Amino acid sequence: MNLETLQGYLNNSDFFEFISTNLNADTNALRLKKFKDLTFDSKFAILQIECKKRIQKKLPELYDTKIFLFPSILATEQCTAQEIAKFHSTLFDENELVLDMTAGLCVDAFYISKKVKHITALELNPDTALLSSFNMSNLAKNITVLNQDCNDFINSTNQTFDSVFIDPARRGDNNKRLFGLVDCQPNIIELIPAINNKAKKLIIKASPMLDITQSINELQHHVSNIWVIGINNECKEVLFKVDLQCDSPITPIIHTINFEKNCIQELSTNENATKSTSVSPECGMYLYEPNRCIMKAQIFGTLENNLNVSPIHHNSHLFVSTNEVDNFPGRSFIIEQIIPFKSNELKHIKKEHPQINVSVRNFKLSAEELKIKLKVKDGGEKYLFGTTDCNNNAILIICSKI
């Protein structure tokens with residue numbers, strides 16, 4: 001594959017007609033089919049179909065862009081979702097020179113390029129670098145894609161940058177998941193001294209599973225902002241902004257952002273807010289379950305103080321209020337029943353709620369074990385939380401979602 005071949009695909013209407021016609025076809029069946037007199041490589045065309053299927057919801061704008069070609073399925077799996085890439089772009093200023101050290105498909109670079117002066121994008125895989133260079137040459141003229149190892153580049157270049165963006169690979173040998181900053185490739189902690197000589201600011205995209213406190217320590221307390229970002233209540237990443245010019249420790253501002261279908265749930269804090277006293281839930285109260293970004297960031301004191309809600313137990317992470325909180329960053333319910341977790345109290349639940357959505361928080365059984373004990377099935381319009389109250393009693397809360 002080379003640029004001339006790729007340009008040939010771009011100018012070949014039959015190639016794009018094949019993709020459009022077979023977009024909903026079984027790609028395994030397509031591979032077994034014999035095509036006559038094709039003016040393009042059918043394997044590459046089928047790969048485009050597979051990749052487009054995978055990014056239709058993840059990257060809707062690029063899905064609709066005919067001239068965006070894909071090097072591999074893996075590249076589509078590893079790339080940033082559109083909502084998050086657009087958010088990344090807001091962290092950069094219009095006159096900045098940016099270095100993206102792990103560009104991949106250049107999804108982040110593409111959206112960042114709309115906000116900055118120029119991006120140098122590094123990609124180690126030669127096929128991915130070639131396709132990304134070709135795509136960006138047609139979509140974003142202020143991106144230069146280089147097929148280089150980021151370690152070699154940062155240690156040898158004479159260029160300087162305003163900001164560096166890096167998304168280290170989170171998979172090791174045998175596709176093992178990696179979480180810590182020192183475990184991923186490249187090892188960002190080892191790279192910081194070289195980056196410090198070439199840039200003022202560093203943005204690190206990291207696994208949602210990593211330990212935030214440990215990472216702050218590894219980054220020598222030079223983290224000014226942390227974002228825990230999710231989509232539809234699935235935590236996708238933790239993002240660190242490192243001030244490379246700072247000589248003293250910083251207390252970072254922690255932000256949580258959850259992109260839902262019809263809204264964006266946000267909560268931020270720059271202090272360790274004091275938690276409120278636990279209270280007993282009562283029928284008629286409103287019950288709140290924070291989204292997973294807040295759970296990851298553990299900014300429960302800020303949640304309680306800013307939204308005037310109270311925990312039902314300091315380990316349950318379920319909250320109540322007598323007045324409804326609008327736009328709560330998570331799920332909201334109204335409590336209809338509170339049942340002590342005792343054998344003689346449980347037998348009526350199956351009769352009244354044979355189908356109910358079961359969750360547990362700080363409870364002695366898992367959700368599956370609780371469903372078996374209650375002899376109920378998932379589903380329906382009611383919700384049941386197995387949890388522990390402020391008096392350390394196991395209880396079941398039955399409620400309706402708001």
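In this chain, residues are counted from 1 in sequence order. Since the model is a prediction, treat every value here as computed from it, not as a measurement.
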Kindly state each residue pair satisfying salt bridge (charged side-chain N to carboxylate O under 4.0 Å, His left out) with at least one member in [range], sequence neighbours excluded.
{"range": "residues 366-375", "answer": "E368-K371, K371-D378"}
{"range": "residues 128-152", "answer": "none"}
{"range": "residues 99-122", "answer": "none"}
{"range": "residues 287-310", "answer": "E289-R331, E289-R361"}

Could you tell me whether F363 and F341 have their ring centroids closer than 6.0 angstrom?
->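 Judged by ring-centre distance (under 6.0 Å), F363 and F341 do meet the cut-off.
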Quick check, are the ring centers of Y111 and H88 under 6.0 angstrom apart?
->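 Y111 vs H88: aromatic centres not under 6.0 Å.
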Which residues pass the salt bridge (charged side-chain N to carboxylate O under 4.0 Å, His left out) test with [X], not counting sequence neighbours?
{"X": "D162", "result": "K200"}
{"X": "E345", "result": "none"}
{"X": "E260", "result": "none"}
{"X": "K53", "result": "none"}

Closest approach of P311 to T277 (non-hydrogen atoms, all atoms of both residues) |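 It is CD-O, 3.9 Å.
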Would you say N258's side chain and N233's backbone share a donor-acceptor pair under 3.5 angstrom?
->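 Yes, the answer is positive, given that a donor and an acceptor are paired below the 3.5 Å cut-off.
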D93 side-chain N/O to N95 backbone N/O, donor-acceptor pair under 3.5 Å =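 Side chain of D93 to backbone of N95: no pair is present.
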Check the side chains of H118 and T144 for a donor-acceptor pair under 3.5 angstrom, ignoring hydrogens and angles.
->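 Yes, a side-chain donor-acceptor pair sits under 3.5 Å.
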With sequence neighbours excluded, what pairs up with Q7 under the side-chain contact (heavy atoms from CB on, under 4.5 Å) test?
->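 Expected list: L10, N11, F134.
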Distance-only donor-acceptor pairs under 3.5 Å for side chains of residues 30-37, two or more places apart:
residue: R31; atom: NH1; partner: E50; partner atom: OE2; Å: 3.1
residue: R31; atom: NH2; partner: E50; partner atom: OE1; Å: 2.7
residue: R31; atom: NH2; partner: E50; partner atom: OE2; Å: 3.3

Going by an N to O cut-off under 4.0 Å, is there a salt bridge joining E336 and K382?
->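 A salt bridge is present here (some side-chain N lies under 4.0 Å from a carboxylate O).
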Approximate separation, where rounding is to 0.5 Å, of N392 CG and S278 OG =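 Result: 9.5 Å between the selected atoms.
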Check side-chain hydrogen bond (donor to acceptor under 3.5 Å, both in side chains) between E17 and all other residues, then give those that pass, not counting sequence neighbours.
->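 For E17, the residues satisfying side-chain hydrogen bond (donor to acceptor under 3.5 Å, both in side chains) (neighbours in sequence not counted) are T21.
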Contacts of type side-chain hydrogen bond (donor to acceptor under 3.5 Å, both in side chains), residue S163, not counting sequence neighbours =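 Per chain and number, S163 pairs via side-chain hydrogen bond (donor to acceptor under 3.5 Å, both in side chains) with E96, K201.
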Should the ring pair Y9 and F44 be called parallel, tilted or perpendicular, given that the plane angle runs from 0 to 90° and is split at 30 and 60?
->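 The rings of Y9 and F44 lie parallel, inter-plane angle below 30°.
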Applying ring pair (Phe, Tyr, Trp, His ring centres under 6.0 Å), run through F385 and F333 and close with a yes or a no.
-> CA-CA 11 Å; F385 286 91; F333 307 85; 5.2 Å; yes
